[in-house]
Amino acid sequence: MRLSRYPVNTAKETPADAEVISHQLMLRAGLIRRLAAGIYTFLPMGLRAVRKVEKIIREEMDRAGAYEMLMPAVQPAELWQESARWEQYGPELLRFKDRHDREFVIGPTAEEVITDVARRELKSYRQLPVNFYQIQMKFRDEIRPRFGVMRGREFLMKDAYSFHADQESLAEGYAAMKTAYTRMFERMGLTFRAVRADTGSIGGSASEEFQVLADSGEDAIAVSDADDYAANLELAPTPVYDGKRPAATQSLATVPTPATKTIADVSKLLGVDATRCVKTLIVEGSDGGVVAMVIRGDHEMNAVKAQKVAGVASPLRMATAQRVLAGTGTEPGFLGPVGLKCRIVVDHAAAALADFVCGANARDAHLTGVNWGRDLPEPETADLRNVVAGDPSPSGQGKLAIRRGIEVGHIFQLGRKYSEAMQASVLDPAGKPLTPLMGCYGIGVTRVVAAAIEQNHDDKGIIWPDPIAPYTVLLVTLNHDRSEAVRNAADSLYAELGAAGIDVLYDDRDARPGVKFADAELLGIPHCVIIGDRGLAAGQLEYRHRRTGATGELPVNGLLDALRARLA
RNA sequence: CGGGGCGUGGCGCAGUCUGGUAGCGCAUCUGGUUUGGGACCAGAGGGUCGGAGGUUCAAAUCCUCUCGCCCCGACCA
């Protein structure tokens with residue numbers, strides 16, 4: 001493509017409403033434009049990157065034996081009523097009526113449609129297993145769309161659905177998808193982890209997220225430094241209390257701590273490390289009472305884990321100050337497990353403490369030298385906290401580090417939730433109806449593009465990984481309009497590279513070098529070849545690698561071969 | 001939905017407090033000079049100041065209502 005004729009506008013200034021780097025760069029590089037909140041147009045340059053991602057996805061899905069199809073974006077309400085998600089999904093599901101007053105949704109996902117396809121098309125167990133996929137626009141009316149295309153309302157998604165006669169087959173299909181996903185993201189040149197995830201509202205057994213690691217990611221994940229263990233922070237288990245703790249060396253004492261309500265303040269006032277303090281959080285119980293959660297001072301309570309404790313309300317609700325007073329007789333800020341008048345559940349790490357500090361259940365006072373089993377009963381323990389960096393990995397190998405990630409893919413073993421609700425069945429070998437097990441596998445295509453930029457950029461602009469770059473090679477002329485030699489050489493090189501099947505962008509604009517170089521860096525095309533009078537006289541071209549900044553000379557004759565060696 | 005903020009040419013902003021000829025930079029167009037890191041000179045086009053109503057001799061500016069957008073939170077296959 002000749003840049004002089006290419007409909008792309010770059011901007012020096014960062015749009016005011018773009019928060020994250022990928023959003024800023026996509027706007028500045030002329031990849032996308034906002035149409036409404038969370039709804040974006042992909043301009044030609046941006047679409048190129050999307051298509052590259054799609055191509056890799058298609059190749060790997062096809063390799064895994066899946067069949068591409070295309071389902072409607074607009075889906076009738078009846079299907080959603082059948083699966084009961086019409087009621088369950090809430091306002092995130094965009095609903096509307098057609099001219100005949102019939103209700104429809106714009107699909108946020110397609111389990112209902114594919115299950116409808118399956119019950120019509122699949123008749124025999126002999127047709128299983130089978131995996132269908134599509135790449136289609138989805139719409140989710142997010143409460144707060146943000147970060148440009150990374151968390152938009154309308155987005156392009158690859159969704160796949162598999163059908164199986166038994167659990168073993170489902171597990172195989174799931175494993176095949178995991179392999180395919182791993183290949184895809186590797187091919188895209190992204191640094192990612194497959195992360196154990198909460199199955200959430202979708203239900204089902206196994207589930208893993210594919211997270212692109214980036215500091216700006218919305219999800220916190222715990223990764224082992226010694227093996228490939230990775231789990232969503234919400235899910236990573238902490239070590240179970242082993243019944244061992246240091247012997248008590250201090251005696252129980254009440255100390256005055258006026259207006260000292262936070263762990264940080266208590267720790268400072270008493271000169272005791274937060275790791276030897278304990279905080280007591282009061283949550284609503286499922287029986288109308290309250291439950292006390294005791295956590296080490298430096299730890300954070302994990303809502304997902306806490307609400308799984310029997311007798312605790314789910315979803316988790318913190319008790320109000322009045323409820324705390326009514327349920328425990330003490331006000332927040334000075335709560336402690338000693339003599340507390342409600343059920344107490346203690347985190348494993350807090351249970352392992354000796355000589356610790358906690359609230360005295362009296363205004364302006366704390367207890368020091370507290371010991372389980374002596375000053376209060378041995379605790380009921382549970383995993384209540386988030387893992388922290390340095391905790392041992394649940395895999396048994398190494399220690400955990402906390403990283404941030406962008407969820408670009410998610411694979412599920414769904415089970416029979418939809419096939420049962422929508423009565424999809426095939427005949428088994430005995431001629432009896434068999435309800436197939438399902439798996440579903442998603443990839444946020446447009447989000448992958450944003451995540452790739454989030455992970456690959458510098459202060460000058462985008463640094464595309466070769467496989468998903470809109471163009472692979474950028475040809476830049478200097479002194480374009482006045483030097484016939486440059487123009488002729490560039491024109492023929494452009495034709496040569498194009499004929500060789502290389503995606504080449506040709507900056508043939510009559511612009512100053514600074515403008516061209518700045519745009520080259522902003523656009524982030526991986527390989528840049530500069531054609532100027534100076535080098536041309538010596539039969540040389542200048543080469544620059546966007547990622548490494550490495551420069552070098554390439555011969556005019558034999559550019560193609562020299563480039564190919566670098567494209568690898 | 002709760003809290004905070006912002007709507008002024010395509011983009012970034014000033015002007016609003018204290019009412020009085022709509023301005024600056026970038027971008028765009030024309031002509032000229034320039035040409036290896038975002039040039040310079042001269043000129044040009046482009047704005048119902050988000051919208052509606054009100055106060056006033058006069059409203060971007062004050063008042064009321066409304067719409068949109070951004071940030072934080074809750075939420076999130």
Side-chain angles (χ1 to χ4, degrees), chain A residues 8-20 23-24 27-28 30 33-39 83 85 88-93 107-112 114 138-148 150-153 155 157-161 197-204 207-210 218-219 232 234 303-304 315-318 406-414 417-418 438-444 447 460-461 476-483 486 507 509-522 528 530-536 541-542 544 551:
Chain A
V8 61
N9 290 300
T10 57
K12 269 189 273 198
E13 284 171 306
T14 301
D17 56 3
E19 182 75 357
V20 297
H23 189 196
Q24 294 173 358
L27 253 14
R28 285 187 53 209
R33 295 290 181 243
R34 193 185 69 89
L35 215 216
I39 301 177
S83 71
R85 283 162 109 193
Q88 290 165 8
Y89 220 92
E92 208 176 297
L93 181 62
T109 173
E111 280 84 2
E112 282 80 2
I114 194 67
K138 300 290 188 296
F139 194 95
R140 290 180 194 175
D141 202 353
E142 296 271 353
I143 296 172
R144 185 149 89 85
R146 60 188 128 175
F147 304 150
M150 212 148 88
R151 192 169 195 72
R153 292 194 292 173
F155 56 98
M157 174 168 129
K158 187 285 301 181
D159 46 326
Y161 307 88
D198 193 354
T199 48
S201 51
I202 278 259
S207 167
E208 281 160 291
E209 293 170 350
F210 283 76
E218 290 189 90
D219 299 328
N232 195 304
E234 292 178 345
V304 173
L316 190 75
R317 290 195 315 276
M318 298 300 293
I406 300 164
E407 181 188 346
V408 290
H410 203 154
I411 57 178
F412 282 92
Q413 292 189 26
L414 271 184
K417 176 172 175 179
Y418 297 93
M438 291 173 63
C440 79
Y441 320 92
I443 292 180
R447 184 183 279 187
K460 301 223 175 73
V476 175
T477 50
L478 299 175
N479 209 6
H480 188 93
D481 272 29
R482 283 172 307 124
S483 171
V486 164
D507 188 352
R509 295 175 301 173
D510 177 27
R512 300 170 67 83
V515 173
K516 291 191 164 196
F517 292 149
D519 276 345
E521 280 148 352
L522 213 212
C528 183
I530 300 156
I531 304 158
D533 283 310
R534 219 163 58 191
L536 215 49
L541 304 168
E542 186 176 330
R544 288 189 195 172
T551 59

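Throughout, protein chains are lettered first and strands after them, A, B, ... in sequence-line order, and every chain is numbered starting at 1.
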Roughly how many Å is it from [atom1] in [X] to [atom2] in [N], rounded to a whole number?
{"X": "Arg153(A)", "N": "G68(B)", "atom1": "CZ", "atom2": "C1'", "result": "12 Å"}
{"X": "Arg144(A)", "N": "G4(B)", "atom1": "CZ", "atom2": "C1'", "result": "11 Å"}
{"X": "Lys12(A)", "N": "G10(B)", "atom1": "NZ", "atom2": "P", "result": "19 Å"}
{"X": "Phe517(A)", "N": "A39(B)", "atom1": "CZ", "atom2": "P", "result": "13 Å"}
{"X": "Asp510(A)", "N": "U34(B)", "atom1": "CG", "atom2": "P", "result": "13 Å"}
{"X": "His23(A)", "N": "C11(B)", "atom1": "NE2", "atom2": "C1'", "result": "13 Å"}
{"X": "Glu19(A)", "N": "C6(B)", "atom1": "CD", "atom2": "P", "result": "16 Å"}
{"X": "Arg146(A)", "N": "C71(B)", "atom1": "CZ", "atom2": "P", "result": "8 Å"}

> Are side-chain heavy atoms of Arg33(A) and Leu27(A) found at a separation under 4.5 Å?
Replying inline: yes
For the side chain of [X], counting heavy atoms from C-beta on, which of [options] is nearest?
{"X": "Arg512(A)", "options": "G38(B), G36(B), A39(B)", "value": "A39(B)"}
{"X": "Val515(A)", "options": "C26(B), A39(B), G37(B)", "value": "A39(B)"}
{"X": "Asn479(A)", "options": "U35(B), G36(B), C71(B)", "value": "U35(B)"}
{"X": "Leu478(A)", "options": "C75(B), G38(B), G36(B)", "value": "G36(B)"}
{"X": "Ala37(A)", "options": "C71(B), G38(B), C70(B)", "value": "C70(B)"}
{"X": "Lys460(A)", "options": "C13(B), G38(B), G37(B)", "value": "G37(B)"}
{"X": "Ile143(A)", "options": "C70(B), A74(B), G37(B)", "value": "A74(B)"}
{"X": "Arg482(A)", "options": "U35(B), G36(B), G38(B)", "value": "U35(B)"}
{"X": "Asp17(A)", "options": "U35(B), G36(B), C69(B)", "value": "C69(B)"}

With rounding to the nearest 0.5 Å, note down the distance linking [atom1] in [X] to [atom2] in [Y].
{"X": "Glu407(A)", "Y": "Met150(A)", "atom1": "CD", "atom2": "CE", "answer": "11.5 Å"}
{"X": "Glu208(A)", "Y": "His410(A)", "atom1": "CD", "atom2": "NE2", "answer": "8.5 Å"}
{"X": "Leu522(A)", "Y": "Lys460(A)", "atom1": "CG", "atom2": "NZ", "answer": "11.5 Å"}

Provide the Watson-Crick or G-U wobble partner of [N], both distances under 3.5 Å; none if there is no partner.
{"N": "C24(B)", "value": "G12(B)"}
{"N": "G53(B)", "value": "C63(B)"}
{"N": "G73(B)", "value": "C1(B)"}
{"N": "G43(B)", "value": "C29(B)"}
{"N": "A58(B)", "value": "none"}
{"N": "U34(B)", "value": "none"}
{"N": "G68(B)", "value": "C6(B)"}

Under 4.0 Å, counting only non-hydrogen atoms across every strand here, what does [X] touch: a base, just sugar-phosphate, or nothing?
{"X": "Tyr161(A)", "result": "nothing"}
{"X": "Glu542(A)", "result": "base"}
{"X": "Glu521(A)", "result": "base"}
{"X": "Asp481(A)", "result": "nothing"}

[atom1] spacing across the pair [N] / [M], given as an integer number of angstrom:
{"N": "G23(B)", "M": "C62(B)", "atom1": "C1'", "result": "22 Å"}
{"N": "C40(B)", "M": "C26(B)", "atom1": "P", "result": "7 Å"}
{"N": "U66(B)", "M": "G7(B)", "atom1": "C1'", "result": "14 Å"}
{"N": "G12(B)", "M": "U30(B)", "atom1": "C1'", "result": "25 Å"}
{"N": "C1(B)", "M": "G47(B)", "atom1": "C1'", "result": "36 Å"}
{"N": "G53(B)", "M": "G46(B)", "atom1": "C1'", "result": "29 Å"}
{"N": "C63(B)", "M": "G20(B)", "atom1": "P", "result": "15 Å"}
{"N": "A60(B)", "M": "G9(B)", "atom1": "C1'", "result": "14 Å"}

>> Need to verify one output field. Residue with the more 5' nearest nucleotide on RNA chain B, Ala18(A) or Glu13(A)?
In response: Glu13(A)
>> Reading RNA chain B from 5' onward, which residue's closest nucleotide shows up sooner: Ala11(A) or Gly409(A)?
In response: Ala11(A)
> Are Thr477(A) and Lys516(A) close enough, and set up right, to give a side-chain hydrogen bond (donor to acceptor under 3.5 Å, both in side chains), and what steps lead you there?
Replying inline: CA-CA 9 Å; Thr477(A) 50; Lys516(A) 291 191 164 196; 2.9 Å; yes
> Can you check whether Thr551(A)'s main-chain N or O pairs, donor with acceptor, with Arg544(A)'s side chain at less than 3.5 Å?
Replying inline: no
> What heavy-atom pair brings Val515(A) and Arg509(A) nearest, and what distance separates the two atoms?
Replying inline: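 Reported closest heavy-atom pair: O-NH2, 4.4 Å.
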>> At less than 3.5 Å, do the side-chain atoms of Asn9(A) and the base atoms of G10(B) form a donor-acceptor pair?
In response: no
> Would you call Arg85(A) and Glu111(A) a salt bridge, using N to O less than 4.0 angstrom?
Replying inline: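 So Arg85(A) pairs with Glu111(A) through a salt bridge.
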